[in-house]
2 protein chains.
Amino acid sequence: MISFDGLRLEEGRPIYLQIVLHIKRGIVSGAIADGDELPSRRILSALLGVNPNTVQKACRALEEEGLITSHAGARSFAVVTPETIAACRAELVRGGAESWARSARGLGLGLDEALELIREVWDNPKEEEQ
Amino acid sequence: MISFDGLRLEEGRPIYLQIVLHIKRGIVSGAIADGDELPSRRILSALLGVNPNTVQKACRALEEEGLITSHAGARSFAVVTPETIAACRAELVRGGAESWARSARGLGLGLDEALELIREVWDNPKEEEQ
DNA sequence: TTAACTGTATTATACGCATAGTACGGTTGC
DNA sequence: GCAACCGTACTATGCGTATAATACAGTTAA
(Lines give C-alpha, C1' and ligand atoms only; values in the text may rest on other atoms or scores of the structure.)
Protein backbone atom coordinates (compact mmCIF):
# COMPACT_ATOMS: atom_id res chain seq x y z
CA MET A 1 0.00 0.00 0.00
CA ILE A 2 1.39 3.37 -1.03
CA SER A 3 1.98 5.62 1.98
CA PHE A 4 1.02 9.27 2.22
CA ASP A 5 2.42 9.82 5.71
CA GLY A 6 5.17 12.11 4.46
CA LEU A 7 2.82 14.34 2.49
CA ARG A 8 2.14 17.67 4.18
CA LEU A 9 -0.19 19.74 2.05
CA GLU A 10 0.76 23.38 1.59
CA GLU A 11 -1.70 26.06 0.73
CA GLY A 12 -1.09 28.23 -2.29
CA ARG A 13 -0.50 25.37 -4.70
CA PRO A 14 -3.18 23.09 -6.17
CA ILE A 15 -3.70 20.12 -3.87
CA TYR A 16 -4.17 17.67 -6.71
CA LEU A 17 -0.75 18.60 -8.11
CA GLN A 18 0.84 18.10 -4.70
CA ILE A 19 -0.64 14.61 -4.63
CA VAL A 20 0.71 13.95 -8.12
CA LEU A 21 4.12 15.23 -7.01
CA HIS A 22 4.09 12.97 -3.96
CA ILE A 23 3.56 9.94 -6.17
CA LYS A 24 6.33 11.01 -8.55
CA ARG A 25 8.72 11.52 -5.64
CA GLY A 26 7.87 8.08 -4.38
CA ILE A 27 8.57 6.57 -7.78
CA VAL A 28 11.94 8.32 -8.06
CA SER A 29 13.05 7.56 -4.51
CA GLY A 30 12.01 3.93 -4.79
CA ALA A 31 9.39 4.17 -2.06
CA ILE A 32 6.78 3.17 -4.63
CA ALA A 33 7.29 -0.05 -6.60
CA ASP A 34 5.52 -1.43 -9.62
CA GLY A 35 2.11 -2.83 -8.73
CA ASP A 36 1.88 -1.04 -5.38
CA GLU A 37 -1.71 -0.43 -4.34
CA LEU A 38 -3.19 3.01 -3.82
CA PRO A 39 -5.71 3.72 -1.07
CA SER A 40 -9.18 4.15 -2.47
CA ARG A 41 -10.28 7.66 -3.45
CA ARG A 42 -12.52 7.91 -0.43
CA ILE A 43 -9.97 6.54 2.04
CA LEU A 44 -7.18 8.75 0.74
CA SER A 45 -9.37 11.86 0.79
CA ALA A 46 -10.20 11.13 4.42
CA LEU A 47 -6.50 10.60 5.23
CA LEU A 48 -5.50 13.89 3.65
CA GLY A 49 -8.55 15.77 4.82
CA VAL A 50 -9.50 16.87 1.32
CA ASN A 51 -12.43 16.30 -0.98
CA PRO A 52 -12.72 12.97 -2.84
CA ASN A 53 -13.05 14.92 -6.07
CA THR A 54 -9.63 16.45 -5.49
CA VAL A 55 -8.09 13.00 -5.07
CA GLN A 56 -9.91 11.83 -8.16
CA LYS A 57 -8.48 14.72 -10.13
CA ALA A 58 -4.96 13.77 -9.03
CA CYS A 59 -5.56 10.12 -9.96
CA ARG A 60 -6.93 11.13 -13.34
CA ALA A 61 -3.79 13.15 -14.02
CA LEU A 62 -1.58 10.27 -12.86
CA GLU A 63 -3.40 7.83 -15.11
CA GLU A 64 -3.05 10.16 -18.09
CA GLU A 65 0.71 10.17 -17.47
CA GLY A 66 0.70 6.39 -17.25
CA LEU A 67 1.87 6.31 -13.64
CA ILE A 68 -1.12 4.39 -12.30
CA THR A 69 -3.79 2.12 -13.70
CA SER A 70 -7.45 2.50 -12.82
CA HIS A 71 -10.43 0.30 -13.59
CA ALA A 72 -13.95 1.06 -12.48
CA GLY A 73 -14.82 -0.94 -9.41
CA ALA A 74 -11.29 -2.09 -8.67
CA ARG A 75 -8.40 -0.52 -6.82
CA SER A 76 -5.72 1.48 -8.58
CA PHE A 77 -2.09 0.43 -8.79
CA ALA A 78 1.21 2.13 -9.51
CA VAL A 79 2.92 1.51 -12.84
CA VAL A 80 6.65 1.78 -12.34
CA THR A 81 9.01 1.05 -15.21
CA PRO A 82 12.57 2.18 -15.96
CA GLU A 83 11.02 4.65 -18.38
CA THR A 84 8.62 6.21 -15.87
CA ILE A 85 11.38 6.39 -13.26
CA ALA A 86 13.67 8.19 -15.67
CA ALA A 87 10.92 10.55 -16.75
CA CYS A 88 9.94 11.45 -13.21
CA ARG A 89 13.55 11.79 -12.14
CA ALA A 90 14.29 14.14 -15.02
CA GLU A 91 11.20 16.16 -14.31
CA LEU A 92 11.73 16.47 -10.57
CA VAL A 93 15.45 16.54 -9.88
CA ARG A 94 16.94 18.08 -12.96
CA GLY A 95 13.99 20.36 -13.58
CA GLY A 96 14.19 21.66 -10.04
CA ALA A 97 17.95 22.10 -10.24
CA GLU A 98 17.68 24.05 -13.48
CA SER A 99 14.97 26.21 -12.05
CA TRP A 100 16.91 27.04 -8.91
CA ALA A 101 20.18 27.56 -10.77
CA ARG A 102 18.53 29.96 -13.17
CA SER A 103 16.97 31.83 -10.28
CA ALA A 104 20.23 32.00 -8.31
CA ARG A 105 22.16 33.24 -11.35
CA GLY A 106 19.54 35.91 -11.92
CA LEU A 107 20.06 37.01 -8.34
CA GLY A 108 23.73 37.60 -8.99
CA LEU A 109 25.18 34.47 -7.41
CA GLY A 110 28.25 32.78 -8.80
CA LEU A 111 28.59 29.01 -9.14
CA ASP A 112 30.86 28.78 -6.11
CA GLU A 113 28.44 30.77 -3.97
CA ALA A 114 25.58 28.60 -5.16
CA LEU A 115 27.42 25.39 -4.34
CA GLU A 116 28.41 26.73 -0.93
CA LEU A 117 24.81 27.69 -0.25
CA ILE A 118 23.56 24.21 -1.13
CA ARG A 119 26.25 22.74 1.14
CA GLU A 120 25.11 25.04 3.95
CA VAL A 121 21.44 24.24 3.76
CA TRP A 122 21.85 20.54 3.02
CA ASP A 123 22.15 19.45 6.63
CA ASN A 124 20.74 22.53 8.37
CA PRO A 125 17.68 23.50 6.39
CA LYS A 126 16.19 25.42 9.31
CA GLU A 127 19.12 27.66 10.19
CA GLU A 128 17.95 31.19 10.86
CA GLU A 129 21.14 33.23 11.26
CA GLN A 130 22.26 35.49 8.46
CA MET B 1 13.02 53.72 -14.34
CA ILE B 2 12.67 50.10 -13.25
CA SER B 3 12.93 47.73 -16.21
CA PHE B 4 10.65 44.78 -16.87
CA ASP B 5 12.41 43.59 -20.02
CA GLY B 6 13.66 40.42 -18.39
CA LEU B 7 10.25 39.40 -17.08
CA ARG B 8 8.65 36.59 -19.05
CA LEU B 9 5.28 35.70 -17.61
CA GLU B 10 4.55 32.01 -17.20
CA GLU B 11 1.09 30.58 -16.99
CA GLY B 12 0.15 28.45 -14.05
CA ARG B 13 1.31 30.90 -11.41
CA PRO B 14 -0.44 34.12 -10.42
CA ILE B 15 0.77 36.97 -12.60
CA TYR B 16 0.74 39.49 -9.78
CA LEU B 17 3.09 37.28 -7.76
CA GLN B 18 5.45 37.00 -10.73
CA ILE B 19 5.56 40.78 -10.88
CA VAL B 20 6.29 40.93 -7.15
CA LEU B 21 9.04 38.34 -7.60
CA HIS B 22 10.57 40.33 -10.44
CA ILE B 23 10.85 43.36 -8.20
CA LYS B 24 12.37 41.33 -5.37
CA ARG B 25 14.92 39.79 -7.74
CA GLY B 26 15.82 43.26 -8.94
CA ILE B 27 16.32 44.44 -5.39
CA VAL B 28 18.54 41.49 -4.52
CA SER B 29 20.60 41.62 -7.70
CA GLY B 30 21.08 45.37 -7.43
CA ALA B 31 19.24 46.14 -10.65
CA ILE B 32 16.76 48.19 -8.61
CA ALA B 33 18.09 50.96 -6.37
CA ASP B 34 16.41 53.03 -3.71
CA GLY B 35 14.14 55.67 -5.21
CA ASP B 36 13.94 54.04 -8.65
CA GLU B 37 10.73 54.93 -10.43
CA LEU B 38 8.14 52.37 -11.46
CA PRO B 39 6.22 52.67 -14.71
CA SER B 40 2.64 53.75 -14.10
CA ARG B 41 0.06 51.00 -13.59
CA ARG B 42 -1.40 51.61 -17.03
CA ILE B 43 1.95 51.75 -18.82
CA LEU B 44 3.23 48.63 -17.09
CA SER B 45 0.05 46.70 -17.78
CA ALA B 46 0.39 47.60 -21.47
CA LEU B 47 4.07 46.55 -21.46
CA LEU B 48 3.28 43.18 -19.91
CA GLY B 49 0.04 42.66 -21.81
CA VAL B 50 -1.98 42.14 -18.64
CA ASN B 51 -4.85 43.93 -16.97
CA PRO B 52 -4.15 47.16 -15.03
CA ASN B 53 -5.91 45.63 -12.05
CA THR B 54 -3.37 42.80 -12.01
CA VAL B 55 -0.50 45.30 -11.88
CA GLN B 56 -2.33 47.21 -9.16
CA LYS B 57 -2.65 44.03 -7.14
CA ALA B 58 1.09 43.43 -7.40
CA CYS B 59 1.83 47.03 -6.39
CA ARG B 60 -0.50 46.76 -3.45
CA ALA B 61 1.33 43.64 -2.25
CA LEU B 62 4.69 45.34 -2.74
CA GLU B 63 3.58 48.37 -0.76
CA GLU B 64 2.30 46.18 2.06
CA GLU B 65 5.78 44.63 2.22
CA GLY B 66 7.33 48.08 2.27
CA LEU B 67 9.20 47.57 -1.02
CA ILE B 68 7.60 50.50 -2.83
CA THR B 69 5.84 53.71 -1.85
CA SER B 70 2.63 54.81 -3.52
CA HIS B 71 0.71 58.08 -3.24
CA ALA B 72 -2.49 58.81 -5.10
CA GLY B 73 -1.78 60.88 -8.16
CA ALA B 74 1.99 60.49 -8.04
CA ARG B 75 4.31 57.81 -9.36
CA SER B 76 5.50 54.93 -7.24
CA PHE B 77 9.10 54.41 -6.22
CA ALA B 78 11.20 51.55 -4.94
CA VAL B 79 12.24 51.52 -1.29
CA VAL B 80 15.55 49.72 -1.02
CA THR B 81 17.32 49.53 2.31
CA PRO B 82 19.89 47.07 3.70
CA GLU B 83 16.98 45.51 5.61
CA THR B 84 14.77 44.98 2.55
CA ILE B 85 17.71 43.64 0.56
CA ALA B 86 18.51 41.15 3.29
CA ALA B 87 14.88 40.12 3.62
CA CYS B 88 14.43 39.58 -0.11
CA ARG B 89 17.73 37.78 -0.41
CA ALA B 90 16.84 35.44 2.43
CA GLU B 91 13.43 34.80 0.96
CA LEU B 92 14.59 34.20 -2.59
CA VAL B 93 18.02 32.65 -2.52
CA ARG B 94 18.19 30.77 0.74
CA GLY B 95 14.52 29.84 0.68
CA GLY B 96 14.87 28.42 -2.80
CA ALA B 97 18.03 26.57 -1.91
CA GLU B 98 16.42 25.00 1.15
CA SER B 99 13.39 24.04 -0.86
CA TRP B 100 15.41 22.38 -3.59
CA ALA B 101 17.80 20.71 -1.16
CA ARG B 102 14.91 19.24 0.79
CA SER B 103 13.32 18.04 -2.43
CA ALA B 104 16.55 16.51 -3.73
CA ARG B 105 17.21 14.72 -0.43
CA GLY B 106 13.68 13.36 -0.46
CA LEU B 107 14.38 12.00 -3.93
CA GLY B 108 17.31 10.02 -2.61
CA LEU B 109 20.15 12.22 -3.80
CA GLY B 110 23.32 12.60 -1.78
CA LEU B 111 25.07 15.93 -1.25
CA ASP B 112 27.77 15.12 -3.80
CA GLU B 113 25.21 14.17 -6.42
CA ALA B 114 23.29 17.36 -5.70
CA LEU B 115 26.37 19.55 -6.04
CA GLU B 116 27.36 17.78 -9.25
CA LEU B 117 23.88 18.32 -10.63
CA ILE B 118 23.98 22.03 -9.87
CA ARG B 119 27.39 22.21 -11.56
CA GLU B 120 25.97 20.43 -14.60
CA VAL B 121 22.96 22.66 -15.08
CA TRP B 122 24.66 25.90 -14.13
CA ASP B 123 25.99 26.70 -17.57
CA ASN B 124 23.83 24.38 -19.65
CA PRO B 125 20.30 24.76 -18.32
CA LYS B 126 18.74 23.46 -21.52
CA GLU B 127 20.67 20.22 -21.91
CA GLU B 128 18.36 17.41 -22.94
CA GLU B 129 20.50 14.26 -22.85
CA GLN B 130 20.25 11.90 -19.92
C1' DT C 1 -5.29 77.43 -14.03
C1' DT C 2 -5.82 73.63 -16.60
C1' DA C 3 -5.08 69.55 -19.07
C1' DA C 4 -2.81 65.22 -18.81
C1' DC C 5 -1.47 61.78 -16.09
C1' DT C 6 -1.36 59.38 -11.77
C1' DG C 7 -3.03 55.96 -7.96
C1' DT C 8 -7.15 54.01 -6.33
C1' DA C 9 -11.73 52.02 -6.19
C1' DT C 10 -15.81 49.89 -8.02
C1' DT C 11 -18.84 46.49 -10.55
C1' DA C 12 -19.18 42.64 -13.55
C1' DT C 13 -17.71 38.42 -16.02
C1' DA C 14 -14.94 34.20 -16.66
C1' DC C 15 -11.99 30.49 -15.40
C1' DG C 16 -9.53 27.03 -12.40
C1' DC C 17 -9.36 24.88 -7.93
C1' DA C 18 -11.67 22.93 -4.00
C1' DT C 19 -15.65 21.66 -1.69
C1' DA C 20 -20.30 19.22 -0.93
C1' DG C 21 -23.61 15.99 -2.06
C1' DT C 22 -25.45 12.50 -4.89
C1' DA C 23 -25.71 8.83 -8.17
C1' DC C 24 -24.44 4.93 -11.24
C1' DG C 25 -22.31 0.73 -12.59
C1' DG C 26 -18.25 -2.53 -12.00
C1' DT C 27 -15.42 -5.52 -8.76
C1' DT C 28 -14.59 -8.19 -4.79
C1' DG C 29 -15.20 -11.35 -0.96
C1' DC C 30 -18.36 -13.76 1.93
C1' DG D 1 -26.18 -14.02 -5.09
C1' DC D 2 -25.36 -10.19 -2.41
C1' DA D 3 -23.56 -6.72 0.45
C1' DA D 4 -19.68 -3.77 0.68
C1' DC D 5 -16.55 -1.41 -1.56
C1' DC D 6 -14.59 0.49 -5.70
C1' DG D 7 -13.88 4.08 -9.71
C1' DT D 8 -16.37 7.45 -12.09
C1' DA D 9 -19.56 11.11 -13.18
C1' DC D 10 -22.56 14.93 -12.37
C1' DT D 11 -24.53 19.42 -10.44
C1' DA D 12 -23.93 23.20 -7.41
C1' DT D 13 -21.40 26.53 -4.49
C1' DG D 14 -17.45 29.38 -2.90
C1' DC D 15 -12.99 31.42 -3.45
C1' DG D 16 -8.93 33.44 -5.77
C1' DT D 17 -7.10 35.08 -10.03
C1' DA D 18 -7.52 37.71 -14.21
C1' DT D 19 -10.04 40.37 -17.22
C1' DA D 20 -12.99 44.50 -18.76
C1' DA D 21 -14.89 48.93 -18.29
C1' DT D 22 -15.57 52.88 -15.56
C1' DA D 23 -15.09 56.47 -12.27
C1' DC D 24 -12.94 59.76 -9.05
C1' DA D 25 -9.55 62.43 -6.63
C1' DG D 26 -4.62 63.80 -6.18
C1' DT D 27 -0.28 65.28 -8.65
C1' DT D 28 2.33 67.47 -12.07
C1' DA D 29 3.90 70.32 -15.76
C1' DA D 30 2.91 73.61 -19.29
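Chain identifiers are assigned alphabetically (A, B, ...) following the order of the sequence lines, protein sequences preceding nucleic acid strands; residue numbering begins at 1 within each chain.
The distance from atom NE2 of B:H71 to atom C1' of C:dC5 is 17 Å, rounded to the nearest whole Å. In this structure, A:Q56 places its CD atom 15 Å from P of C:dC17, rounding to the nearest Å. Taking atom CZ of A:F77 as the reference point, atom C1' of D:dG7 lies 12 Å away to the nearest angstrom. Atom CG of B:L9 is separated from atom P of D:dA18 by 10 Å (rounded to the nearest Å). Straight-line distance from the CG atom of B:L38 to the C1' atom of C:dT6: 13 Å, rounded to whole Å. Atom CG in A:N51 sits roughly 15 Å away from atom P in D:dG7 (whole-Å rounding). Distance, B:L62 CG to C:dT8 P: 12 Å, rounded to whole Å. Look at CZ on A:R41: it is 16 Å from P on C:dA18, rounded to the nearest Å.
Residue B:S76 places none of its side-chain N or O atoms closer than 4.0 Å to OP1 or OP2 of C:dT6. Considering only side-chain N and O atoms, B:T54 lies nowhere under 4.0 angstrom from the phosphate OP1 or OP2 of D:dT17. For B:K57, no side-chain nitrogen or oxygen approaches OP1 or OP2 of D:dA18 to under 4.0 Å. For B:S40 and C:dT6, the shortest distance from a side-chain N or O to OP1 or OP2 is below 4.0 Å.
Closest approach to the A:A74 side chain among C:dT8, C:dT27, D:dT19 is made by C:dT27 (side chain taken as heavy atoms from C-beta onward). You'll find that the side chain of A:A72 is closest to D:dT8, out of D:dT19, D:dT8, C:dT8. Looking at the side chain of A:S70, the nearest of the listed nucleotides C:dG7, D:dC6, D:dT8 is D:dT8. The nucleotide whose nearest atom lies closest to any side-chain atom of B:R42 is, among D:dA23, D:dG7, D:dC6, D:dA23.
Within 4.0 Å of A:R60, counting heavy atoms only, lie sugar-phosphate atoms of the nucleic acid but no base atom.
In the hydrophobic clustering of this structure, A:I32 does not group with A:V93; members are Ile, Leu, Val, Met, Phe, Trp, Tyr whose side-chain heavy atoms approach within less than 4.5 Å, directly or through other members. B:I2 and B:V20 fall within the same hydrophobic cluster, defined by Ile, Leu, Val, Met, Phe, Trp and Tyr side-chain heavy atoms under 4.5 Å apart, directly or through other members.
Between A:N53 and A:R75, it is A:R75 whose nearest contact on DNA chain D lies nearer the 5' terminus.
The closest side-chain heavy-atom distance from A:D34 to A:V79 is below 4.5 Å. Side-chain contact check for A:L21 versus A:L92: some heavy-atom pair is nearer than 4.5 Å. Residues B:S76 and B:R41 meet the side-chain proximity criterion, which asks for heavy atoms closer than 4.5 Å.
In this structure, A:E116 pairs ionically with A:R119, as a charged nitrogen and a carboxylate oxygen lie closer than 4.0 Å.
Side-chain atoms of B:R60 and B:S70 form no donor-acceptor pair, as typed in the model, at a separation below 3.5 Å.
Contacts with DNA chain D (heavy atom under 4.0 Å) in residues 11-22 of chain A: none are found.
When the side chain to side chain contact (heavy atoms under 4.5 Å, CB included) test is applied to B:L7, the partners found at least two apart in sequence or on another chain are B:F4, B:L9, B:I19, B:H22, B:L48.
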